[in-house]
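Notes for the one structure printed next.
By convention in this document, chain letters (A, B, ...) are assigned in the order of the sequence lines, proteins followed by strands, and residues within each chain are numbered from 1. On a predicted model such as this, the values are computed, not experimentally measured, just so you know.
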Amino acid sequence: MIKAITGTRDILPQDIPKWKYLENIVNGIFSKFNYKEIRTPIFEETALFARSIGETTDIVSKEMYSFIDRGGTSVTLKPEMTAAVVRALIEHSLEKKQSLNKFFYISPMFRQERPQAGRFRQFHQFGAEVLGSNDPLLDAEIIIMAYDILSSLGLKKIVVKINSLGVPESREKYKLILAEYLKKYHDKLSAQSKKRFDSNILRIFDSKENQDQKIMEHAPLLIEHLDDESLEHFEKVKVALLGANIPFEIDAKLVRGLDYYTHTTFEIVSRSVGSQSALCGGGRYNLLVKELGGGDIPGIGFAAGMERILLACENEKSFSVKEEEIDIYIVTLEKELIQKAYQFAVNLRRSGLIVDLDYLSRSVKAQMREANKASAKFVIFFGGNELNQKEIVMKDMKTGVQVNIKFDDVDKIIFTIKGR
RNA sequence: GUGACCAUAGCUCAGUUGGUUAGAGCAUCUGGUUGUGGCCCAGAAGGUCAUGGGUUCAAAUCCCAUUGGUCACCCCA
């Protein structure tokens with residue numbers, strides 16, 4: 001039997017309603033903040049991601065679905081969206097048509113990691129990107145939208161964590177200070193963290209090893225070594241968040257893995273999912289557009305994992321979607337009438353009702369069971385004596401009440417059913 | 001990439017110290033007098049016990065390999 005590729009999965013009809021519910025909330029909130037949807041191709045030139053995310057990051061160095069196409073170009077299924085949005089901005093000179101661009105997206109992403117709870121190889125993200133302003137109000141706006149979406153879904157066990165990475169110059173200075181501090185403890189670091197010492201020293205803060213955590217407790221923090229401008233920026237973000245009633249924690253250890261971040265970074269984590277607890281994450285990237293060959297355009301954005309969010313929603317039972325109903329199920333009383341019943345059904349559908357009927361020549365009892373299973377609001381019995389009288393019998397499945405209706409009057413009942 | 005655990009019907013799971021024809025609940029299908037659902041009742045269908053090898057008189061059960069899955073590390077949404 002051929003099965004879905006490892007780390008991918010089907011979203012079956014029974015699961016679609018909750019996905020649509022989520023998508024509706026996402027669309028609604030983004031549009032209230034006047035963000036415009038953007039859709040980019042599912043794959044891009046590999047170089048785009050390598051240059052933006054960073055050659056040495058895990059995503060680029062070992063998680064990308066890359067292949068050489070028949071023209072000899074190395075292409076990659078998108079592992080994240082920011083690079084693609086920035087590429088589109090530059091390619092279409094969007095910043096010249098409008099100096100501030102606010103985008104949002106909902107799209108599948110691909111990363112070849114080992115699957116586990118809340119992590120897949122094809123997964124779905126929604127997110128937003130703002131290009132063209134360094135205003136800290138936008139940093140806050142991004143966080144507010146992410147928070148509002150999650151709380152609109154009814155999620156309670158979430159925590160907003162924010163931090164500032166400052167500008168590269170102060171960060172590089174700080175890295176030297178941190179390295180100086182860690183040299184004293186280098187022998188006591190875990191093997192993992194010894195590697196991080198050389199590759200990405202900031203990540204040692206993330207270590208789950210006890211020995212590392214002990215050492216890092218007293219380590220100098222980046223936030224204490226920010227330049228004045230970065231501190232001021234960060235302050236304004238905090239004030240805006242407080243004004244919007246967003247509960248947040250400052251997590252000086254919050255270091256994000258993508259190379260392009262500057263200033264604000266944030267994450268919203270859930271306490272009701274497994275160890276992959278980050279529901280969304282993002283930050284400011286003031287240097288990325290220039291790095292990709294565009295103008296000196298600051299940006300900020302975030303991405304949220306939809307599978308993780310739905311997992312959290314399920315665990316918290318944070319919302320429920322009502323089952324999908326159909327308006328009318330047509331029960332055909334004599335099998336040879338199926339053609340006429342079918343025509344009748346098509347007409348009702350063209351009038352705007354959701355209608356179904358039996359295609360398996362089943363008994364009336366079986367058809368009724370089917371109508372019930374399909375959550376039909378009404379059943380129309382088609383055939384018998386009533387057909388000779390140019391009537392059908394209509395049954396309200398909730399109350400059980402049945403009425404006879406003349407063919408000529410069917411239009412009227414359509415109107416009343418639509419209103420329900 | 002590393003580690004741990006798991007694999008019996010469509011789904012969730014029983015299955016004794018290895019012992020005859022592998023079970024249940026749910027779901028599916030058909031009925032329970034002419035043309036009426038849910039609840040209830042009766043019945044039916046559905047399994048190469050993941051795959052391949054080995055041990056044994058005998059394997060769903062023990063051993064090995066393979067494949068798949070789950071969770072965790074790493075990293076991230």
Which residue lies toward the 5' end of RNA chain B, A/R111 or A/M368, if each is placed at its nearest nucleotide?
A/M368
Going by modelled atom types, is there a donor-acceptor pair between the base of B/U36 and the side chain of A/Q367 at under 3.5 Å?
no
Please work out if A/G400 contacts a base, only the sugar-phosphate, or nothing of the nucleic acid, heavy-atom cut-off 4.0 Å.
base
Work out how far the C1' atom of B/A45 is from that of B/G23, and round it to whole angstrom.
16 Å
Would you classify A/L279 as touching base, sugar-phosphate or nothing, given that sugar-phosphate means primed atoms plus P, OP1 and OP2, and contacts are heavy atoms under 4.0 Å?
sugar-phosphate
What is the distance, to the nearest angstrom, from the NZ atom on A/K365 to the C1' atom on B/U33?
11 Å
Among B/C74, B/A77, B/G37, which is the nearest nucleotide to the side chain of A/K395?
B/G37
Tell me which nucleotide among B/U36, B/A77, B/C73 gets nearest to the side chain of A/V364.
B/U36
Is NZ or CZ of A/R284 both nearer than 6.0 Å to the six-membered ring centre of A/Y261 and within 45° of the ring axis?
no
Of all the choices, B/A72, B/A77, B/C29, which nucleotide is nearest to the side chain of A/Q125 once you look at every atom?
B/A77
Which part of the nucleic acid, if any, lies within contact of A/V393, taking any heavy atom under 4.0 Å across all strands shown: a base, the sugar-phosphate backbone alone, or nothing?
base
Round to a whole Å and report the spacing from CZ of A/R119 to P of B/C75.
10 Å
Integer-rounded Å distance: B/G35 P and A/N385 CG:
12 Å
Relative to each other, are the rings of A/Y35 and A/F33 parallel, tilted or perpendicular (30° and 60° limits)?
perpendicular
Heavy atoms only, 4.0 Å cut-off, all strands: where does A/E80 land among base, sugar-phosphate and nothing?
nothing
Nearest-nucleotide pick for A/Q402, side chain only, options being B/U30, B/U36, B/A77
B/U36
With nearest nucleotides of RNA chain B determined for A/E386 and A/N372 from heavy-atom distances, which residue corresponds to the more 5′ nucleotide?
A/E386
Per-residue pairing states of RNA chain B in dot-bracket (Watson-Crick or G-U under 3.5 Å; . unpaired, | other strand) read (((((((..((((.....[...)))).(((((.......))))).....(((((..]....))))))))))))....
Against A/L131, only a single residue in A/L100, A/L288, A/T82, A/V85 fulfils side chain to side chain contact (heavy atoms under 4.5 Å, CB included); can you say which?
A/V85
Considering every strand and a 4.0 Å limit on heavy-atom distances, what is the contact class for A/G282: base, sugar-phosphate, or nothing?
nothing
Would you say B/C75 has OP1 or OP2 under 4.0 Å from some side-chain N or O of A/T57?
no
May I ask you to say what A/R9 touches in the nucleic acid, namely base, sugar-phosphate or nothing, with a heavy-atom cut-off under 4.0 Å?
nothing
Verify the stacking flag for A/F381 against B/G35: centroid separation must be under 5.5 angstrom and the ring planes must differ by under 30 degrees.
no
From CD of A/Q122 across to C1' of B/A77 the rounded distance in Å is 14 Å
In whole angstrom, what separates A/L360's CG from B/U28's P?
14 Å
A/F302 vs A/F266 aromatic rings, parallel, tilted or perpendicular, using cut-offs 30° and 60°?
tilted
One thing to verify: whether A/K18 and A/E314 come together as a salt bridge, which I'm taking to mean a side-chain N less than 4.0 angstrom from a carboxylate O.
yes
Quick one, which residues of residues 303-331 of chain A touch RNA chain B with a heavy atom under 4.0 Å?
A/A303, A/G305, A/R308
Considering only atom P, compute the distance from B/G43 to B/U48 and round it to an integer number of Å.
25 Å
Which part of the nucleic acid, if any, lies within contact of A/F126, taking any heavy atom under 4.0 Å across all strands shown: a base, the sugar-phosphate backbone alone, or nothing?
nothing
In whole Å, what is the span from the CZ atom of A/R114 to the C1' atom of B/U70?
11 Å
What distance, rounded to whole Å, do you find between the two C1' atoms, one in B/A24 and one in B/G18?
23 Å
